[in-house]
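Here is the structure we will look at, set down as structure tokens.
These numbers come from the heavy atoms of this one structure, side chains and all, not from hydrogens, waters or symmetry mates. Predicted, not measured: the structure shown is a model, and the values here were computed from it. Here is the naming used below: chain letters follow the sequence lines, and residue numbers restart at 1 for every chain.
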Amino acid sequence: MSSKIFNSAAEALAGQLSDGMVVAAGGFGLCGVPVDLIMALRDSNAKDLTVIGNNVGCDDHGMWHVLANGQIKKVILSFAGDNKILAQAFMSNEIDIEFNPQGTLAERLRAGGAGIPAFFTRTGYGTIIAEGKETRQFPNPDGTLDWFVMESGLTADISLVKAWKADTEGNLVYRKTARNFNPMIASAGRLTIAEVEEIVPVGSLDPDSVHTPGIFVDRIVASTMREKHIERPTTRPRATKETV
Amino acid sequence: MSSKIFNSAAEALAGQLSDGMVVAAGGFGLCGVPVDLIMALRDSNAKDLTVIGNNVGCDDHGMWHVLANGQIKKVILSFAGDNKILAQAFMSNEIDIEFNPQGTLAERLRAGGAGIPAFFTRTGYGTIIAEGKETRQFPNPDGTLDWFVMESGLTADISLVKAWKADTEGNLVYRKTARNFNPMIASAGRLTIAEVEEIVPVGSLDPDSVHTPGIFVDRIVASTMREKHIERPTTRPRATKETV
Amino acid sequence: MPWNRDEMAARAAGELRDGYYVNLGIGIPTLVANMVPEGMTVTLQSENGLLGIGPFPYEGELDPDLINAGKQTITDLPGSSYFSSADSFGMIRGGHVHLSILGGMEVSQNGDLANWMVPGKMIKGMGGAMDLVAGVRRIVVVMDHCDKTGDSKFKSECTLPLTGKGVVDMLITDLGVFEIDRRGDSGATLLEIAPGVSLDEIRAKTQAEFALGPGVR
Amino acid sequence: MPWNRDEMAARAAGELRDGYYVNLGIGIPTLVANMVPEGMTVTLQSENGLLGIGPFPYEGELDPDLINAGKQTITDLPGSSYFSSADSFGMIRGGHVHLSILGGMEVSQNGDLANWMVPGKMIKGMGGAMDLVAGVRRIVVVMDHCDKTGDSKFKSECTLPLTGKGVVDMLITDLGVFEIDRRGDSGATLLEIAPGVSLDEIRAKTQAEFALGPGVR
């Protein structure tokens with residue numbers, strides 16, 4: 001089989017991008033973000049992109065660079081508060097922002113990857129999120145009726161994800177809360193590229209503990225990022241009498 | 001916190017069952033079946049049960065015993081072929097059987113556990129499975145339209161699952177293809193009881209490799225089953241010149 | 001004297017029960033994590049994918065891959081588990097989380113909550129707030145009774161865009177505690193008054209209608 | 001002479017491509033597993049929760065926790081992964097599996113497939129068949145051209161209850177190979193004839209309408 005391993009993020013993206021594409025990227029804040037792939041997307045200068053992700057970048061990080069480079073037409077996200085350019089571009093109507101409840105966004109991506117074009121959720125009923133969407137009642141297990149909103153599945157032309165380890169088959173393992181949106185985004189891409197901290201030989205991952213099976217991953221690159229950033233370092237004081 | 005560990009399947013079920021309840025049980029064939037819990041269900045003599053599961057027992061195994069004991073009014077399943085009593089009871093209209101495509105059944109249970117009352121799937125469109133259900137068109141990613149069937153989420157009053165290991169918080173790890181329907185059924189139960197091969201101390205499971213987080217598991221029992229059965233033992237011959 | 005932030009958090013902690021799985025919002029609700037009563041086990045969920053939030057890490061032990069929904073570095077605990085955002089909100093939407101304690105901008109007497117946007121101001125996004133109020137079994141909102149201009153934030157109807165309609169079970173303010181019959185027709189009931197605060201003061205500062213609970217006068 | 005089971009499976013194996021993820025049904029399709037061309041990598045999916053099916057185990061090495069969708073004991077391979085039934089059918093429904101090779105009772109010229117029940121007979125259930133034909137990108141059906149009474153199983157319309165409507169891309173029988181334009185209006189086209197079988201014989205034994213592919217006569 002031709003190898004899924006590519007030498008760099010730029011090579012993995014080469015020839016795959018075109019203007020107007022839908023690109024999804026994993027990450028929550030600065031955690032679990034495919035930084036190299038996003039910088040390669042920025043360097044591609046592909047324009048009029050629709051970008052899907054929980055945050056679509058934080059100031060000076062990740063998708064912020066693609067946004068600052070004027071490549072984005074529309075974003076589909078849950079939280080823009082970490083990204084001043086985005087918030088300003090929205091206020092000035094330069095960019096179309098579609099806000100989603102975080103769980104709805106996660107489920108829309110999972111649905112898209114799993115061949116489900118639409119589903120119903122209680123989330124957002126009676127709010128502006130439900131405006132223009134179909135709503136209807138369904139019974140709860142106890143027989144009472146509640147109102148639900150119909151939401152659609154989301155897919156992407158290209159999905160960019162960040163994992164901890166990949167084997168050469170493309171099986172991915174994530175680390176701690178860096179998992180976040182990555183598994184669903186991996187499943188929702190027509191082409192999925194994974195940026196990983198370590199590429200391990202096939203057979204070295206526990207098959208019971210693979211988070212994203214290789215069927216979802218088309219290309220793999222080793223991350224060049226050596227230092228992970230922290231948005232809000234928070235600590236507790238060590239007890240004063242603690243013995244080391 | 002009061003312990004989730006119970007001494008036996010009978011104790012874990014004591015006082016929880018009543019006639020007419022909906023009980024879901026994990027397993028695929030003889031693989032990953034909560035055998036002790038199902039025998040305790042049989043011994044309870046609870047009647048008029050609705051039972052959800054991929055097979056609802058194979059001859060002389062698992063839910064077959066509850067069925068043979070006349071406790072089941074309705075089954076919701078995907079494959080009855082391994083269960084002669086069930087097939088006969090259906091042919092003679094003694095039992096209501098609702099056949100589901102296997103993926104639809106799995107997704108209905110996942111949806112039920114995840115608060116999604118209904119979703120659309122291409123599966124079953126144009127077949128008897130779609131009769132009486134809402135169908136509608138949705139666009140594919142390429143813009144073409146396909147027809148989809150609306151399916152509802154499923155929940156259970158009691159879910160019985162089989163896992164390999166549990167810690168005392170109820171975090172579950174499954175082994176190989178014994179995982180099957182167990183994770184979704186664990187999430188779909190109002191009360192979920194896990195039968196496990198080993199109960200390990202809290203902290204001994206890798207938190208990145210837990211399959212079912214403890215929030216879904218109310219009660220845990222150690223399995224007394226010492227020998228696992230195989231429905232279709234299949235082997236290949238050893239190469240004749242193989243050196244050992 | 002009205003309750004301060006710690007006292008409001010302590011009152012919210014009174015809603016915890018042994019064995020509960022709980023999601024805490026940012027601000028005052030976060031303080032509740034340190035107020036779990038002795039002998040009670042409560043497991044905290046972080047909607048970005050962790051069950052079993054531990055204390056903040058010590059200096060020098062920060063892990064960039066381990067943050068809470070507020071992007072702060074945290075730790076895990078023995079028995080913790082990690083999962084995807086889809087699985088996390090499956091837990092939340094599916095009603096598996098017993099209690100969420102959240103901040104608010106406005107609450108209405110029928111349980112509507114507004115806490116995510118102010119028209120004309122920078123919109124940050126709702127994050128997980130809409131999913132939490134729609135999915136978690138019991139929602140407790142902790143907020144100041146009045147805004148900076150002295151207007152009541154507990155209203156007959158919310159004026160800000162809603163986070164959820166009919167979702168709040170209990171409102172804890174610096175002045176008192178209200179129970180809200182969000183699924184029925186009984187409206188709001190004042191259950192407790194902060195020490196030194198009078199019922200007249202609450203009446204004067206509350207735009208919502210409310211009944212009086214047993215013993216409240 | 002019509003193709004035998006092995007020859008039909010070998011023809012089906014001709015539809016494999018390097019890098020494909022494939023789901024094989026029971027019966028003749030299972031034989032395809034042993035016919036992957038040299039140098040080609042194909043990963044087999046088992047819908048009960050395994051990607052990367054290995055060969056049957058040796059005597060004495062059977063693992064009751066490791067079975068395929070036909071309940072047979074199997075093995076895994078380096079690079080295999082296990083997952084739940086929901087995740088497995090997410091893969092299938094979501095179009096991530098490239099090819100499924102399945103048995104059939106009846107196929108229609110517009111690509112309808114019937115392979116799960118015969119009215120009046122014991123109903124076993126459809127298992128994963130409906131999901132596979134609805135979700136997998138390309139569906140190849142392998143079946144005998146005629147039933148035991150000599151009637152054509154390739155029909156203008158199926159008479160048995162359907163497994164899927166407009167789902168079959170290719171039909172391989174003991175007599176030949178048909179391509180089916182299941183999404184368009186071009187119907188079925190005969191692509192190949194088994195060696196020693198005449199076009200007249202196929203015409204006589206086929207109730208479906210079909211066109212002739214290039215070079216077929």
Tell me, side chain or backbone of A/N54 under 4.5 Å from chain C's heavy atoms, or both, or neither? neither
Given that the side chain runs from C-beta out, which part of A/H211 has a heavy atom under 4.5 Å from chain C: side chain, backbone, both or neither? neither
Closer than 3.5 angstrom, by distance alone: can the side chain of C/R138 be matched with the main-chain N or O of C/H98 as a donor-acceptor pair? no
Taking C/M122, C/K124, C/E61 one by one, which has the highest count of heavy-atom pairs under 4.5 Å against chain A? C/K124
Rounded at 0.5 Å granularity, tell me how far CG in C/D151 sits from SG in C/C146. 7.5 Å
Taking C/T73, C/I92, C/L162, C/I74 one by one, which has the highest count of heavy-atom pairs under 4.5 Å against chain A? C/T73
Looking only at A/L86, A/T123, A/T234, most heavy-atom pairs under 4.5 Å shared with chain C are made by A/T234
Determine, step by step, whether A/E151 and C/R93 satisfy the salt bridge (Lys or Arg N to Asp or Glu O under 4.0 Å) criterion, reporting the C-alpha distance in whole Å, the side-chain angles of both residues, the deciding distance to 0.1 Å, and the verdict. CA-CA 14 Å; A/E151 297 280 0; C/R93 201 189 304 105; over 6 Å; no
If you tally heavy-atom pairs under 4.5 Å against chain A, which of C/G49, C/G60, C/P57 wins? C/P57
If you count heavy-atom pairs under 4.5 Å with chain A, which of C/E47, C/K165, C/Q72 comes out on top? C/Q72
Heaviest contributor of heavy-atom pairs below 4.5 Å to chain C, chosen from A/P101, A/A178, A/P233, A/G124, is A/P101
Do the side chain of C/N115 and the main chain of C/G103 share a donor and acceptor less than 3.5 angstrom apart? yes
If you count heavy-atom pairs under 4.5 Å between each of C/G128, C/S84, C/G127 and chain A, which one has the most? C/G127
Is a side-chain N or O of A/N55 found less than 3.5 angstrom from the main chain of A/N83, in a donor-acceptor match? no
Ignoring hydrogens and angles, tell me if any N or O in the side chain of A/E231 forms a donor-acceptor pair with the backbone of A/G29 under 3.5 Å. no
Go through C/L50, C/N68, C/I123 and name the one with the most non-hydrogen pairs under 4.5 angstrom from chain A. C/I123
Under a 4.5 Å heavy-atom cut-off, does chain A meet the side chain of C/T163, its backbone, both or neither? backbone
Counting only N and O atoms by type, is there a donor-acceptor contact under 3.5 Å from the side chain of C/Q45 to the main-chain atoms of C/V97? no
Sole candidate of A/K162, A/R175, A/K176 that passes salt bridge (Lys or Arg N to Asp or Glu O under 4.0 Å) when paired with C/D65: A/R175
Portion of A/R179 that has a non-hydrogen atom of chain C nearer than 4.5 angstrom: side chain
